Amino acid sequence: MAVLDRERSVASWGYNRWLIPPAALAVHLSIGQAYATSVYKNSLVAHFDVGQTEIGIIFSIAIVMLGLSAAVGGTWVERNGPRKAMLVSAVCWSTGFLVGALGIATGQLWLLYLGYGVIGGIGLGIGYISPVSTLIKWFPDRPGLATGMAIMGFGGGALVATPVSDQLMGFYDPSYDSAVAGSVASGGALVGLFVTLGLGYLVLMTMGVLLIRVPPEGWRPAGFDPDTVRRAPMITTASVSAATAIRTPQFWLLWVVLFSNVTAGIGLLEHASPLIQDFFRDGSQTAVTAVAAGGFVGMLSLFNMAGRFGWSTASDRIGRKPVYIIYLGAGAVCYTLLATVGGASTVLFVGLACIILSFYGGGFATVPAYLRDLFGTYQVGAIHGRLLTAWSAAGIAGPLIVNGFLDAEGEPGTLTQSAYQAPLFTMVAILAVGFAANLAIRPVAARFHEPEPDTPPAGAGTGPAEPAAGPAALVAGARRVPWLVLSWAVVALLLGYAVIRVALTASRLFTG
C-alpha cells in the first residue's frame, strides 16, 4: 500500500498537468450520481412497500455524510495525498452500492441506509474534496478553470446517471417502461442496477487514481510569474491552516456567501417541475404539460453544469469577489423579475430560471478558488471540506422555505404564480445577506498566517522552474500521450452523452 503514499504520487518534472483534470472528472462524474436517485425512487418505494419519506431518508443520509466526511476528513486528505483519498472514495462509493444491492435483495432497508447512505456518503465527501487542492497546485495560473472542470463533473454525473439508470432497469426488467406513468422496476432489476453502477464507478474512479499526481516541490507552469499573484490585492501567497482558517472572519463570511447562493438555487431546483406548471396555470388547467416541465428541468440541469465551468473560468479574469457580486446581486434581480413578471412569457420565465441556476452551479465551482485566494494552497482541501457544511445547511433550508410557504397556500396542483411570490422574495432577501457578506470580505490578516522559515528574498520566485527536458523525460512524455487522449476521450464521451440526452429532453419544453 506504500504506492498510495503522498511521497509516491509526486510527479516527474515532465508530467503533463492536463492529465489531472480527467482524473478529477473521473471521480466527480461518478459521485455526481447522487443527484439521480429520483430515477429509481418509486421502484424502491414499491419494492420495500414503504412511503416516500422512508426512501428519501437514504439521500438525506448520504448528503449529511458528505458534509461530515468532507469536514472531518479534509485534513486527512491533505496529509495523505489525493491518490490514497481518491481510492478510499472509490472503495466507499462502490461498496455503498454493493451493500445497498444486498439490502434490496434481502428486503432489509437498513442495509440500504448503511450502504448507499453512510458508506457511500463517506465516499461522496472524500471524493468531492480530494482532487480540489491538487488541481489548484497544478493550475496556479488558472485555478478557477481547473476547479470548474472538476466540479462541472459533479453536475454532469447526475445527467449521465439518469438515462443510464433508466436503461439499465429496462434491461434487467423488460416490463419496466419509464414512459408509462406508475411503471416500477422489479427488485431483481434494482439489484442489477446497483451492482452494475457500483462496479462501473469503481472502474471509472480507478482511472482517476492511476492518473492523479501532485506537482514536485517548486514546480510552476511555463511562463507563470508568481509576482502576478503577489501583486493581486485579494490573493495571498501565505499559508493558513485549516484549524486557523475557521477562526477567521473571512471563513464565516464566505460560509454565509455559499449558504445564501446554494439556498436560493436549490430552492428553485428542488421545485422546478411544479413551479413552471403553476406559474402558467389558469384555474385547473396549465399551459405547461408534465412533459414540457421535464424539458424545463433538463434545461436547468444544462445551465447548472455549464455555469460551473463558465463562471468559474471567468473568475480567473474578473476575480472571485466580483464574480460573487454577479452571482448574488444579479441573482437577486432575476428572482425579483421572476416573482413579478415571470409569468408574462414562458421564454422570459425559462431564461431567468436558467440564469439563476448558472449562478448556483458557478458558486459551487468558484468557491475552492476563492478559498485558495484567501488562505493559500497549504490546506485548501481541508478548508473546503469544512466550508461544505454550508451546503448541508442550505440543502435543508432551501426546500423548507419554499415548501413551507407553498403548504400554507394550498394543495399541489392548484397553486398559481401568486403563491410563489413570498418564497421568491424570501430568496431575494437571503441573496442580499450573502451580497453584504461578500462585500465585507477582506484579505486575511497576517497574524493568521503560518510561519515561513525559508522566506525567499524579494523578487525571487517560488522555486526552480522546470529543468530542461532530457531524453528520458521526452520518452516518458511520449508514453503519456495515449493516456492523455484516452482519459479525455472517456470523460468527453460521458459528458457529451449527458448533454445530448438532456438537450433532447429540454427540446420538449418548446415542442410539447
Side-chain angles (χ1 to χ4, degrees), residues 28 35 63-64 66-71 74 124-125 128-129 132-133 136 143-144 147-148 150-152 154-155 234 240 242 245-270 304 307-309 311-312 314-315 319-332 335 356-375 379-401 426-442 444:
H28 276 247
Y35 277 134
I63 294 301
V64 168
L66 183 157
L68 290 176
S69 60
L124 267 175
Y128 193 89
I129 64 173
V132 170
S133 62
I136 288 174
T147 58
I151 294 176
M152 174 185 68
F154 194 83
M234 284 295 293
V240 180
I246 61 174
R247 300 203 303 269
T248 66
Q250 286 82 358
F251 176 88
W252 294 106
L253 287 169
L254 194 52
W255 194 99
V256 172
V257 167
L258 183 62
F259 172 82
S260 301
N261 192 62
V262 175
T263 298
I266 209 167
L268 174 61
L269 189 60
E270 190 263 347
N304 177 17
R308 291 169 187 254
F309 178 72
W311 285 115
S312 184
S315 75
R320 252 62 74 175
K321 187 173 182 176
V323 86
Y324 270 96
I325 289 176
I326 295 173
Y327 297 158
L328 301 161
Y335 261 110
I356 291 170
L357 260 292
S358 77
F359 294 156
Y360 167 75
F364 272 120
T366 309
V367 80
Y370 208 162
L371 289 170
R372 173 261 195 188
D373 292 352
L374 293 171
F375 302 107
Q379 289 188 340
V380 68
I383 300 171
H384 185 213
R386 287 159 170 77
L387 193 75
L388 288 181
T389 54
W391 179 8
S392 299
I396 297 171
L400 278 179
I401 291 170
T426 301
M427 295 305 174
V428 173
I430 291 172
L431 287 170
V433 172
F435 187 88
N438 183 57
L439 289 181
I441 293 177
R442 298 289 186 271
V444 176

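The model shown is predicted, which means the values in this text are computed figures rather than measured ones.
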Return the minimal non-hydrogen interatomic distance between [X] and [Y], and the atom names on each side.
X	Y	value
V428	A332	CG2-O, 3.7 Å
A365	T147	O-OG1, 3.0 Å
S392	I63	OG-O, 3.9 Å
V257	G434	CG2-O, 3.6 Å
M427	G398	CE-O, 4.0 Å
S312	G144	OG-O, 2.5 Å

Within-4.5 Å side-chain heavy-atom neighbours: [X] and [Y]:
X	Y	result
L439	I325	yes
Y360	L268	no
I266	P399	yes
Y324	I441	no

Supply the atom-to-atom distance [X] [atom1] to [Y] [atom2], rounded to the nearest 0.5 angstrom.
X	Y	atom1	atom2	answer
I383	L374	CD1	CG	9.0 Å
N261	Y327	CG	OH	8.0 Å
L68	L124	CG	CG	12.0 Å
L371	Q250	CG	CD	11.5 Å
W252	I246	CH2	CD1	6.5 Å
L328	F359	CG	CZ	9.5 Å

Any donor-acceptor N or O pair under 3.5 Å, side chains Y370, N438: yes
Can a donor-acceptor pair be found between the side chains of W311 and S358 at a distance below 3.5 Å?
yes
Pair W255 and F259, ring centroids less than 6.0 Å apart
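Between W255 and F259, the centre distance is under 6.0 Å.
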Salt bridge (Lys or Arg N to Asp or Glu O under 4.0 Å) filter on R320, not counting sequence neighbours, yields D316, D373
Practice problem: Applying side chain to side chain contact (heavy atoms under 4.5 Å, CB included) between P368 and each of V380, V132, L387, report the one that passes. | Solution: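 Only one option passes, and that is V132.
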All ring-ring contact (aromatic ring centres under 6.0 Å, His included) counterparts of Y128, not counting sequence neighbours: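 Partners of Y128 by the ring-ring contact (aromatic ring centres under 6.0 Å, His included) criterion, ordered by chain and then number, come out as H28, F154, H384, W391.
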task: Check whether any side-chain N or O of T366 sits under 3.5 Å from a backbone N or O of G363 as a donor-acceptor pair, and report yes or no.
output: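 Not a single qualifying donor-acceptor pair exists.
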Step by step, would you call S260 with V256 a side-chain contact (heavy atoms from CB on, under 4.5 Å)?
CA-CA 6 Å; S260 301; V256 172; 4.0 Å; yes
task: Given side-chain contact (heavy atoms from CB on, under 4.5 Å), test I401 with I430 step by step and report yes or no.
output: CA-CA 11 Å; I401 291 170; I430 291 172; 3.6 Å; yes
Those residues that, when tested against A382, pass side-chain contact (heavy atoms from CB on, under 4.5 Å) (two or more places apart):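 For A382, the residues satisfying side-chain contact (heavy atoms from CB on, under 4.5 Å) (neighbours in sequence not counted) are T75, E78, A242, Q379, R386.
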